[in-house]
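Values in this document were obtained by computation on a predicted structure and should not be read as measured data. Worth knowing before you read on, the calculation uses all heavy atoms, side chains too, and leaves out hydrogens, waters and symmetry mates.
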Amino acid sequence: MRDDLDQTMYFSKDMVKEQTPREVLRQVYAALEEKGYQPINQIVGYILSGDPAYITSHDNARALIKKYDRDQYIEEMLVNFLDER
């Protein structure tokens, strides 16, 4: 039995690493690919329409993609495309 069970635990949001838009896109891409979809087509469909039905719920991808606004994904892709970072 643990001796520290009567101690208050502290939690800080800094303890949890926040995923970047790039990491979210990669994870969503992988989930779509695992389910047999064309990931680029599905992600573009989501970005253009805002309809989360373009994204599978497999591996929590649909919830993840809603983490950021669509314009943040566009910005991430444009920056990556232009190799500005």
Side-chain angles (χ1 to χ4, degrees):
M1 187 165 178
R2 290 178 44 188
D3 293 329
D4 63 348
L5 290 178
D6 61 341
Q7 300 295 317
T8 301
M9 298 296 291
Y10 291 96
F11 177 80
S12 169
K13 70 176 189 165
D14 296 332
M15 294 168 59
V16 178
K17 182 183 176 283
E18 191 71 23
Q19 285 183 303
T20 65
R22 175 181 284 200
E23 291 168 334
V24 169
L25 283 172
R26 285 186 173 158
Q27 192 168 345
V28 168
Y29 184 99
L32 288 163
E33 197 169 48
E34 283 178 22
K35 292 304 283 182
Y37 296 107
Q38 296 293 322
I40 299 296
N41 294 345
Q42 298 305 113
I43 292 170
V44 167
Y46 169 72
I47 288 173
L48 291 177
S49 71
D51 185 354
Y54 281 98
I55 306 300
T56 181
S57 58
H58 177 68
D59 280 350
N60 206 31
R62 190 173 293 158
L64 278 174
I65 198 86
K66 293 189 229 175
K67 197 171 191 177
Y68 291 100
D69 290 331
R70 292 176 293 154
D71 60 334
Q72 290 174 287
Y73 295 120
I74 294 169
E75 180 181 344
E76 182 65 38
M77 290 183 284
L78 185 58
V79 166
N80 188 54
F81 179 76
L82 296 175
D83 199 28
E84 291 291 329
R85 288 191 185 172

I need the minimum non-hydrogen distance between Ile65 and Tyr73, along with the two atoms involved. O-OH, 2.9 Å
CD-OG1 distance between Glu76 and Thr20, expressed to the nearest 0.5 angstrom: 6.0 Å
Heavy-atom pair of closest approach, residues Asn80 and Arg22: OD1-NH2, 2.9 Å
Arg26 atom CZ, over 12 foreign heavy atoms within 6.0 Å: no
Counting N and O atoms only, with roles assigned by atom type, does the side chain of Asp69 sit under 3.5 Å from a partner on the main chain of Asp71, one being a donor and the other an acceptor? no
Using the rule that Ile, Leu, Val, Met, Phe, Trp and Tyr join whenever any side-chain heavy atoms are under 4.5 Å apart, tell me whether Leu48 and Ile74 fall into a single cluster. yes
Which atom pairs, donor and acceptor, lie under 3.5 Å between side-chain atoms of residues 28-47 and protein residues at least two apart or in another chain?
unit_1, atom_1, unit_2, atom_2, d
Glu34, OE1, His58, NE2, 2.6
Gln42, NE2, Tyr54, O, 2.8

Sorted by chain and number, sequence neighbours left out, side chain to side chain contact (heavy atoms under 4.5 Å, CB included) with Ser57 holds for Arg62
Rounded to the nearest 0.5 Å, the OH atom of Tyr68 sits from the CD atom of Gln19 at a distance of 7.5 Å
Inter-residue atom distance Leu25.CG - Lys67.NZ, 0.5 Å rounding: 12.0 Å
Which distance, rounded to the nearest 0.5 Å, do you find between the CZ of Arg70 and the CD of Gln72? 12.0 Å
